[in-house]
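So that the names make sense, note that chain A is the first sequence line, chain B the second, and so on, each numbered from 1. This one's a predicted model, so the numbers in the text were calculated from it and none came from an experiment.
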There are 2 protein chains.
Amino acid sequence: MRAEATDWSIQEVARLAGTTSRTLRHYDDVGLVPPSRIGANGYRYYDEAALLRLQRVLLLRELGLGIPAIADVIAGQRDDREALRRQLAQLRQEQERLARQIASVERTIETLEGGEQLMAENMFDGFDHTQYREEVEREWGAEAYATSDAWWRGLGRDGQAAFREQVAALNRDWIAAAASGIDPDSHEAHALAERHVEWLGSTPGIPRTGDAPAKEYVLGLAEMYVADPRFAANYGGATGAAFVRDALAAYAANRLS
Amino acid sequence: MRAEATDWSIQEVARLAGTTSRTLRHYDDVGLVPPSRIGANGYRYYDEAALLRLQRVLLLRELGLGIPAIADVIAGQRDDREALRRQLAQLRQEQERLARQIASVERTIETLEGGEQLMAENMFDGFDHTQYREEVEREWGAEAYATSDAWWRGLGRDGQAAFREQVAALNRDWIAAAASGIDPDSHEAHALAERHVEWLGSTPGIPRTGDAPAKEYVLGLAEMYVADPRFAANYGGATGAAFVRDALAAYAANRLS
DNA sequence: GCTTGACCTTGACGCTGCGTCAACTTGTAG
DNA sequence: CTACAAGTTGACGCAGCGTCAAGGTCAAGC
């Protein structure tokens, strides 16, 4: 462990954080926690900002969120302190859930010792730990939100099908535009980006500046499209995704704040 | 929800326990939580004893144990109350870990607000939640124990290779015996079962009666050999595993307590 | 300089515990 | 009978890494 370190090697971070270098490389590969620099030797080094981001990722991971959802959540949380305060609240809820679970086990023990009958209704209190994942996803992130919440159900079958078709059409148009060789700064690309941002803005729960999706949110999401092959697949692969990212970046620079 | 129910359908249990019928069917398939009865309609029904077992399984699952390890742990814990007390202790440790994690996040927030430098060494306190899995596995279960603990490391490379060869030879002999069509109650099967039980007894940490492995532990393990295809594969498949189970059961009936 | 062991990289296969889906049966109410 | 809810079995597929192979870098010791 280096005294006065301003950054840390992958193994140092893995040890500090109770995780593995494999996990960290994976998180880099998918763009979730990039190292702050790559040394001349090709090694990854992580600075404080990277550690802070990792802390937040590990917390959300522990809540059961998948990687795309975490990316979405983090893209939507612009202020570190505010984000951590929100996560603190969730940890406190988790603490309560655990306390309830402990109480359940205590009751089971007492019931067994008294030779009484178990009460099925309350022997699993505190056992459901998926609620926080769903809650976090619901609160942040257009894409997760669109598929998991009352708003989605409220669309009804026809509305859902229309939404899906809107997304599919947008994706097809992005793929075609990327294949046509136009510039990400062109008028056509601009129009597609506008459609994309409008689509994002049509779902509740995403960060906004005024009526429009927040610039940083859009930019962060665009980066994820490239870094995670699952997103990139929507746009025909890495090249297409890079085109979408560049077009969105150009659009955001001019039209979002 | 049926009043005065003495058993519950799969969906009722899934809802009570905050899990899914898929999970419950899976646990049945691998022999971890069998239903207490199958109705004339082919439906699974679970009584109190099954719910109690499920409670314990879900707790261990939440600690991060895999299914084979959980089976091993549960096979080794003969007294429900004692087992739950042990699990209560682990939940309390988890509670402490969570409190430490919360303190870490609080420190991070304070540090960011004070504009100070983050201390890498303690910003991840409480983040490592694998320790309980390893501890539980270490404490119970011959098979997990044999591969993950100081005892295993203490064998040295040669000792480990010999142990592995002993297991492989035993498995080969079981497969051959099953294929030869001998009776699980025969003298030959008896000798193999004796070798198997001696092998189990040669590893530390398994439940014992006197010097010998405890009967219930052996019987429980034998059932798992059949129920989980991963175990069964050691014995040439389901038929071979059933033979091993029957031979162990016959041996245990006569020679273990 | 060479050796050795720790640490790092990329690439890639594989695993576990279900999620999801299809096809079908059972139960119940209208 | 119909429709819907609840259940079955069978089977494919997935996410997030774990593991391994092959190779390079670093640093200490001889």
Once you round it to whole Å, what is the distance between [atom2] of [N] and [atom1] of [X]?
X     : N      : atom1 : atom2 : result
B:D29 : C:dG17 : CG    : P     : 13 Å
A:L63 : D:dG16 : CG    : P     : 15 Å
A:Q11 : C:dG5  : CD    : P     : 19 Å
B:E62 : C:dG17 : CD    : P     : 16 Å
B:I10 : D:dT9  : CD1   : P     : 8 Å
B:E12 : D:dA6  : CD    : P     : 10 Å
A:L58 : D:dC17 : CG    : C1'   : 13 Å
A:L32 : D:dA15 : CG    : P     : 15 Å

Inset, instruction - Find which nucleotide of DNA chain C each of A:R22 and B:T23 is nearest to by heavy atoms, and output the residue with the more 5' nucleotide. - result: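 Of the two residues, A:R22 wins.
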Legend entry - Per-nucleotide protein contact string for nucleotides 22-30 of chain C (B base, S sugar-phosphate only, - none; heavy atom under 4.0 Å): ----BS---
Legend entry - Distance test, side-chain N/O of A:R44 to OP1/OP2 of C:dT10, below 4.0 Å: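 It does, given that an N or O in the side chain of A:R44 lies less than 4.0 Å from OP1 or OP2 of C:dT10.
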Inset, instruction - Respond yes when some side-chain nitrogen or oxygen of A:T20 is under 4.0 Å from OP1 or OP2 of D:dC17, and no when none is. - result: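 Answer no for this pair, as no side-chain N or O of A:T20 is under 4.0 Å from OP1 or OP2.
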So [Y] and [X], do their side chains get closer than 4.5 Å, heavy atoms only?
X     : Y      : result
A:L52 : A:E48  : no
A:L84 : A:Q87  : yes
A:R44 : A:S21  : no
B:D80 : A:T108 : no
A:Y27 : A:R61  : yes

Inset, instruction - May I ask you to say what A:R25 touches in the nucleic acid, namely base, sugar-phosphate or nothing, with a heavy-atom cut-off under 4.0 Å? - result: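 The answer is base, as A:R25 lies within the cut-off (heavy atoms under 4.0 Å) of a base atom.
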Inset, instruction - Identify whether any heavy atom of B:S21 sits under 4.0 Å from a base atom; if not, whether one sits that close to sugar-phosphate; answer base, sugar-phosphate or nothing. - result: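 Answer is nothing: B:S21 stays at 4.0 Å or more from every strand.
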Inset, instruction - Please check if any side-chain donor atom of B:E62 sits under 3.5 Å from a side-chain acceptor atom of A:Q101, or the reverse. - result: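 Yes, A:Q101 and B:E62 have a side-chain donor paired with an acceptor closer than 3.5 Å.
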Legend entry - Lys/Arg-Asp/Glu bridge criterion (N-O < 4.0 Å) met for B:E94, B:R97: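 A salt bridge links B:E94 with B:R97.
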